[in-house]
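Since the structure comes first, as structure tokens, the remarks are kept for the end.
Computed over heavy atoms, backbone and side chain alike; hydrogens, waters and symmetry mates excluded. Small disclaimer: the values here were computed from a predicted structure and weren't measured.
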Amino acid sequence: MENTKDLTEHTSRAERKRRDSFGMFDGYDSCSEDTSSSSSSDESEEEVAPLPSSLPIIKNNGQVYTYPDGKSGMATCEMCGMVGVRDAFYSKTKRFCSVSCSRSYSSNSKKASILARLQGKPPTKKAKVLQKQPLVAKLAAYAQYQATLQNQAKTKAAVPVEGFSWGNYINSNSFTAAPVTCFKHAPMGTCWGDISEGVRVEVPNTDCSLPTKVFWIAGIVKLAGYNALLRYEGFENDSSLDFWCNVCGSDIHPVGWCATSGKPLVPPRTIQHKYTNWKAFLVKRLTGAKTLPPDFSQKVSESMQYPFKTSMRVEVVDKTHLCRTRVAVVECVIGGRLRLVNEESDDKTDDFWCHMYSPLIHHIGWSRSIGHRFKRSDITKKQDGHFDAPPHLFMKVKEVDAAGEFFKEGMKLEAIDPLNLSAICVATIRKVLADGYLMIGIDGSEAADGSDWFCYHATSPSIFPVGFCEINMIELTPPRGYAKLPFKWFDYLRETDSIAAPVKLFNKEVPNHGFHVGMKLEAVDLMEPRLVCVATVTRIIHRLLRIHFDGWEDEYDQWVDCESPDLYPVGWCQLTGYPLQPPAPQSSRDNQSSSSKQKKKAKSQQYKGHKKNQDS
């Protein structure tokens, strides 16, 4: 390699006029240059107008490719990038190593601009030769810089899911995953842009025997949520070294990052001798290709900043009595998910997990403001360090006009049972609260004191007009003990002397969510909300999704809204460090059914209607 060879070898290379030197793989001293060095040229710069694209396009713009000087007394050819003794270079300006390079300068200046992009140069019309510090000092600085980046990577690195690989799971079954843009509440959900197949990035080169960490350019072959299947440039149709990488992880960068960060680009060992002129190859492959925005990692970091902090106090639905709320304290925040601990819990074991945008949490004072039941705490004053979460942090609901025609007590409707989310049940509005909130009970399963009523907003996507299930061919769970089957709404309304809630009062908005049947994702098991599991979309009814947990029986499927904050892209757990529950293996399903699954049955047994048949 050039950085291990002496000055005479550089001189001989200059004399031999090497035209295939790209410097990215055989000039590590050049690749690790200090890009902050001042320019020795006074030539003017002219900015090139960017193309209108959400992702940067690597383009030819007349820019000249250069390598900064390797050391004092050395020069870099602005045409071929070869480093040599300045006195041996051609012309008074010492810009070229030979007459041939000087003559080729004009005809190749367009191609050379792509190399400048790889070297992280700003769009300039003319190249500059930078004066560099001595080689020994530069290598020492490079080593220190690399150590700093490695330490940073340790703190930022995505957490692998032990024993399960999304990449292998998707590859072996030809699965597709829901795109990140389906999840507006997730990191990068609203600023993902058009990251897609074909986008080029710089990633670590694992097919290399060098002692230091080096990089190479790869293209996205397939996307699965945050995860991308990458293939190194130069492998063409050879997928033998394809690998999965989290696009938002710390080891994936836009083209040009290596140069600005002092990292060498080295072609994989498997194909190192495939091309004699890597420079021309990369120019051809990268011109016109898209890469990540230069501020991509900054956007990722910003999208993973969460306003909820530990020790904040909130009101949360009491998991033992759904009809009321109680005070809980934020114990930790992971990826926007909150672990809430009952304020009265001394050992902090009485906890509950939910997302910060969950409709189950509210600001302190919310219950009293709308007339909702509230369990007063035995604690007379706030504990030291605890403080109320500001009201503006909570998810806002749409305003409704309750003064005109609105829901009334006794009206019938269909609703997702919050304690058996696989079922849509016959339900009744039991009480109308302020600000459009409704207390609802499941017919045939209600306690006399209303302690099992639950609160939905009038705009909630979890309540439906009478006849919704029949129209959409969903099995409606009838009231427990109702003998006149099959269930008919007309007969039931007449028998109970009740009326159906008017259809126009329900939320009929259906966003263009982007989900399709068969898509993979990571989803919270809302019956055990601390668990995030590998899951699949099996049905789509307007904005309603049927979520199946891979490896579990269909009876544990759950109906979830397309904008639920409890759904995440593939790779979310790895990105945020939250544990992912892999699919249950076939051999252990029976054991799981009699253990962890039995807990689900116990929790919802009181409310469960007739056992649900398999849904399409």
Discussion item. Go through it in stages, so that I can follow the logic: the residues are Y578 and W353, the test is ring pair (Phe, Tyr, Trp, His ring centres under 6.0 Å), and I'd like the CA-CA distance, side-chain angles, deciding distance and then a yes or no.
Written reply: CA-CA 12 Å; Y578 199 94; W353 281 92; 5.4 Å; yes

Worksheet entry | Spacing of F215 atom CZ and D251 atom CG [to the nearest 0.5 Å] |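 Interatomic distance, F215 CZ to D251 CG, rounded to 0.5 Å: 5.5 Å.
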
Worksheet item: How many angstroms lie between OG in S564 and CG in L526, if you round to the nearest 0.5 Å?
Response: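 That separation rounds to 6.0 Å.
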
Can you check whether [Y]'s main-chain N or O pairs, donor with acceptor, with [X]'s side chain at less than 3.5 Å?
X: S303; Y: V300; value: yes
X: H273; Y: T270; value: no
X: K396; Y: L393; value: no
X: N246; Y: G571; value: yes
X: D207; Y: R269; value: yes
X: T291; Y: V255; value: yes
X: T260; Y: W257; value: yes
X: R285; Y: V283; value: no
X: N277; Y: A280; value: yes
X: R231; Y: A218; value: no

Between [X] and [Y], which heavy-atom pair has the shortest distance, and what is it?
X: C562; Y: P511; answer: SG-CG, 3.6 Å
X: C332; Y: T310; answer: CA-CG2, 3.9 Å
X: F296; Y: V247; answer: CE2-O, 3.4 Å
X: C208; Y: V266; answer: SG-CG1, 4.4 Å
X: P179; Y: G514; answer: CD-O, 4.5 Å
X: F394; Y: I361; answer: CD2-O, 3.8 Å

Practice prompt. Give the C-alpha distance, both sets of side-chain angles, the deciding distance and a yes or no for salt bridge (Lys or Arg N to Asp or Glu O under 4.0 Å) between E563 and K184.
Written response: CA-CA 8 Å; E563 294 182 343; K184 306 303 181 186; over 6 Å; no

Below 4.5 Å, heavy atoms only, C-beta onward: do [X] and [Y] meet side chain to side chain?
X: I220; Y: L229; answer: no
X: L292; Y: I195; answer: yes
X: D525; Y: F549; answer: yes
X: N171; Y: W244; answer: yes
X: H253; Y: C258; answer: no
X: V214; Y: K263; answer: no

Worksheet item: Heavy-atom count around Y357 OH within 6.0 Å, excluding the residue itself: above 12?
Response: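 Check fails, neighbour count at 12 or below.
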
Worksheet item: Please walk me through it: do R337 and V532 pass side chain to side chain contact (heavy atoms under 4.5 Å, CB included)?
Response: CA-CA 11 Å; R337 301 203 76 222; V532 177; 3.9 Å; yes

Item to complete: Would you check, one step at a time, whether the test salt bridge (Lys or Arg N to Asp or Glu O under 4.0 Å) holds for D238 with K274?
Response: CA-CA 13 Å; D238 181 1; K274 185 175 181 180; over 6 Å; no

Practice prompt. Please step through side chain to side chain contact (heavy atoms under 4.5 Å, CB included) for the pair L230 and I252, ending with a clear verdict.
Written response: CA-CA 10 Å; L230 300 177; I252 189 166; 4.2 Å; yes

Worksheet entry | Partner set under side-chain hydrogen bond (donor to acceptor under 3.5 Å, both in side chains) for S172, not counting sequence neighbours | none

Discussion item. Angle between ring planes, Y232 versus F243, binned at 30° and 60°: parallel, tilted or perpendicular?
Written reply: tilted

Fill in: Y568/F183 aromatic ring centres below 6.0 Å
no

Item to complete: Would you please indicate yes or no on a ring centroid separation below 6.0 angstrom for W572 and Y226?
Response: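 No, ring centres 6.0 Å or more apart.
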
Discussion item. Test: side-chain hydrogen bond (donor to acceptor under 3.5 Å, both in side chains). Region: residues 511-524. Which pairs qualify, not counting sequence neighbours?
Written reply: W166-E522, K520-T536, K520-D550

Practice prompt. Test K222 against E197 for salt bridge (Lys or Arg N to Asp or Glu O under 4.0 Å), laying out the working first.
Written response: CA-CA 6 Å; K222 183 176 183 178; E197 296 176 6; over 6 Å; no

Practice prompt. Quick one: list whatever passes ring-ring contact (aromatic ring centres under 6.0 Å, His included) with Y275, sequence neighbours left out.
Written response: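 Per chain and number, Y275 pairs via ring-ring contact (aromatic ring centres under 6.0 Å, His included) with W278, F281.
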
